Amino acid sequence: MKLSSSLAVIASLIHLVPTTVALVGSTWSMTNVPLTGLLDITFPMTIVEADHISGYYFAQQFNFVGIADVGYTGLQPRPDSNGQAVLHAAFSSFAAGTTTTDKNCSPGADGGPGVSCSVEWNGVYNRTYNINVKTMGNHNWVGTVIDTLTGTEVHIGSWTLPATSGGIVSSQYGFVEWYPWNGGQPSNHCAKLPYQQTIFGNPSTTHAGSVGTQALSYEYGDCVGEVAFHTEAVAYGAENNCGFRGQTGSVDVKFAMQSC
Ligand SMILES: *[C@@H]1O[C@H](CO)[C@@H](O)[C@H](O)[C@H]1NC(C)=O
């Protein structure tokens with residue numbers, strides 16, 4: 001019993017920090033957050049450049065008062081459809097006991113407990129989207145993507161956390177991952193990483209007196225020093241880029257078997 005409870009603690013801690021397979025991390029923080037947490041937060045995000053293929057996940061994580069497991073929200077490129085760009089937006093809770101009746105959502109998150117919601121729309125590259133997470137009361141949370149140029153809003157999904165939960169706490173991490181590699185890859189995979197450039201904007205909230213900051217990005221995982229990583233501060237957040245133009249992220253399976 002002692003073992004299983006410490007394993008449960010380890011499992012919940014794993015969700016508090018970026019997974020080791022991701023490439024790039026970045027801390028966000030908010031000042032003047034009440035002990036009961038924030039009722040809303042907005043994460044600006046710009047996919048400045050990425051191939052129009054599936055594989056990248058640009059995500060922000062957040063925690064709730066009284067809940068160990070994180071929520072995620074973020075954007076992913078998709079292949080164009082009928083000559084138009086398509087983006088995918090995700091909004092998930094990893095907390096056991098999260099419920100939903102939203103048609104964009106389904107039970108489970110990355111194979112564990114929680115709820116996952118997503119939507120695809122004709123999103124535009126190199127445009128800043130505000131990803132808004134806010135409570136409607138009664139522990140119900142809604143994720144929305146807002147186009148900062150047109151004001152158009154796209155509903156991602158909504159879910160209800162356990163009644164022990166409060167508002168959003170004052171800091172967490174964002175990350176960039178190439179998720180096809182999450183199952184493990186051979187030693188030559190880092191050079192196959194497609195190029196991406198994104199800006200994680202400073203978060204904001206309607207809570208009076210709170211100011212959000214997105215720190216510079218950093219590399220982590222098993223491709224550190226091998227993916228031409230760069231980060232710099234920009235006026236409204238932190239830019240990062242990594243990877244190589246013309247790569248698709250796919251690796252030679254025969255090499256993979258040899259290297260095992
Ligand atoms: C993105 O937009 C900025 C400013 O609007 C522009 O300077 C930059 O060249 C654009 N980048 C790409 C890759 O389109």
Side-chain angles (χ1 to χ4, degrees), residues 22-28 41-60 72-91 118-133 143-154 156 173-181 189-204 211-221 223-250:
L23 297 157
V24 171
S26 176
T27 306
W28 64 262
I41 192 164
T42 296
F43 299 107
M45 190 175 283
T46 315
I47 307 177
V48 178
E49 185 181 338
D51 291 325
H52 298 193
I53 56 177
S54 298
Y56 268 118
Y57 186 18
F58 308 109
Q60 288 281 21
Y72 286 7
T73 193
L75 303 177
Q76 302 177 3
R78 284 292 182 271
D80 290 357
S81 175
N82 299 320
Q84 278 198 290
V86 177
L87 294 180
H88 171 105
F91 176 61
S118 65
V119 67
E120 285 171 16
W121 86 106
N122 292 120
V124 179
Y125 289 83
N126 205 19
R127 181 163 299 172
T128 303
Y129 288 97
N130 280 340
I131 309 179
N132 174 257
V133 175
T144 309
V145 181
I146 304 156
D147 183 321
T148 59
L149 188 69
T150 65
T152 305
E153 300 194 1
V154 177
I156 314 174
Y173 298 88
F175 64 83
V176 175
E177 73 174 356
W178 179 255
Y179 58 79
W181 290 348
H189 68 291
C190 301
K192 311 284 185 175
L193 184 70
Y195 183 76
Q196 68 80 23
Q197 181 181 19
T198 42
I199 296 170
F200 283 58
N202 297 319
S204 65
V211 176
T213 303
Q214 187 75 32
L216 282 181
S217 299
Y218 54 87
E219 287 186 277
Y220 69 103
C223 289
V224 172
E226 296 180 47
V227 290
F229 169 74
H230 170 87
T231 185
E232 67 181 57
V234 295
Y236 53 97
E239 177 269 0
N240 80 90
N241 67 74
C242 62
F244 308 97
R245 289 187 176 86
Q247 294 294 339
T248 62
S250 66

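Start at 1 and go down the list; that is how both ligands and their atoms are numbered. For clarity, every value in this text was computed on a predicted model and none was experimentally measured.
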Contacts table for ligand 1: protein N or O within a distance under 3.5 Å of ligand N or O, distances only.
from     : atom 1 : to     : atom 2 : distance (Å)
ligand 1 : 2 (O)  : Asn126 : OD1    : 3.4
ligand 1 : 2 (O)  : Asn126 : ND2    : 2.3
ligand 1 : 11 (N) : Asn126 : ND2    : 2.9
ligand 1 : 14 (O) : Asn126 : ND2    : 3.2

*How are the rings of Tyr220 and Tyr218 set to each other: parallel, tilted or perpendicular (split at 30° and 60°)?*
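Geometry flag for Tyr218 against Tyr220: tilted rings.
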*Could you tell me which residues satisfy ring pair (Phe, Tyr, Trp, His ring centres under 6.0 Å) with Tyr236, sequence neighbours excluded, listed by chain and number?*
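For Tyr236 there are no ring pair (Phe, Tyr, Trp, His ring centres under 6.0 Å) partners, ignoring immediate neighbours.
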*asked:* My understanding is that only residues two or more places apart in sequence, or in another chain, count here; which of them pass side-chain contact (heavy atoms from CB on, under 4.5 Å) with Ser118?
replied: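 side-chain contact (heavy atoms from CB on, under 4.5 Å) list for Ser118, sorted by chain: His88.
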*Pro44: what forms a side-chain contact (heavy atoms from CB on, under 4.5 Å) with it, not counting sequence neighbours?*
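side-chain contact (heavy atoms from CB on, under 4.5 Å) check on Pro44 returns Thr128, Asn130.
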*Using modelled atom types only, decide if a donor and an acceptor are shared between the side chain of Gln196 and the backbone of Thr198 within a distance under 3.5 Å.*
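Yes; judged by distance alone, with no hydrogens or angles, the pair exists.
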*Can the ring centres of Trp28 and Phe43 be said to be less than 6.0 Å apart?*
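Yes, the ring centres sit under 6.0 Å apart.
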